[in-house]
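Please read these numbers as outputs of a predicted model, since none were measured by experiment.
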Amino acid sequence: MDLNIKGLDDDVGKRLRHQAAAAGVSMQQYLRTELTRIASRLSPAEFVRGHRPMTRDEFLSIRQRLREIDAS
């Protein structure tokens with residue numbers, strides 16, 4: 001599949017080029033890798049649809065456990 005992105009902000013393009021250079025790969029390879037990584041995860045909307053909201057009791061239990069961890 002070929003992909004053409006138009007209207008990308010210049011600063012975003014510069015940042016992506018910098019990140020690709022830092023990774024030692026071409027811009028094309030860097031974007032291919034990043035898009036593959038993004039596609040392998042659930043989107044926020046997919047995540048929310050697949051999970052029920054946390055109950056107040058569950059929230060309070062987790063908060064208490066985190067406080068215990070912080071205290072140790």
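Under the side chain to side chain contact (heavy atoms under 4.5 Å, CB included) criterion, Ala45 pairs with Ser43, Arg49, sequence neighbours left out. Partners of Ser40 under the side-chain hydrogen bond (donor to acceptor under 3.5 Å, both in side chains) rule, at least two apart in sequence or in another chain, do not exist in this structure.
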Considering only distance and modelled atom types, tabulate donor-acceptor pairs under 3.5 Å from the side chains of residues 58-70, sequence neighbours left out.
unit_1 : atom_1 : unit_2 : atom_2 : d
Glu58  : OE1    : Arg52  : NH1    : 3.1
Glu58  : OE1    : Thr55  : N      : 2.8
Glu58  : OE1    : Thr55  : OG1    : 3.3
Glu58  : OE2    : Arg52  : NH2    : 2.7
Gln64  : NE2    : Glu68  : OE2    : 3.4

Side-chain donor-acceptor pairs under 3.5 Å in residues 18-38, sequence neighbours left out?
unit_1 : atom_1 : unit_2 : atom_2 : d
Gln19  : OE1    : Tyr30  : OH     : 3.0
Ser26  : OG     : Gln29  : N      : 3.0
Gln29  : OE1    : Arg32  : NH1    : 2.7
Gln29  : NE2    : Thr33  : OG1    : 3.0
Thr33  : OG1    : Gln29  : O      : 3.0
Glu34  : OE1    : Arg37  : NE     : 3.2
Glu34  : OE1    : Arg37  : NH2    : 2.6
Thr36  : OG1    : Arg32  : O      : 2.8

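Among residue pairs with one or both ends in residues 7-28, none qualify as salt bridge (charged side-chain N to carboxylate O under 4.0 Å, His left out); sequence neighbours excluded.
For Asn4 against Lys6, the heavy-atom pair with the smallest separation is ND2-CE, 3.5 Å.
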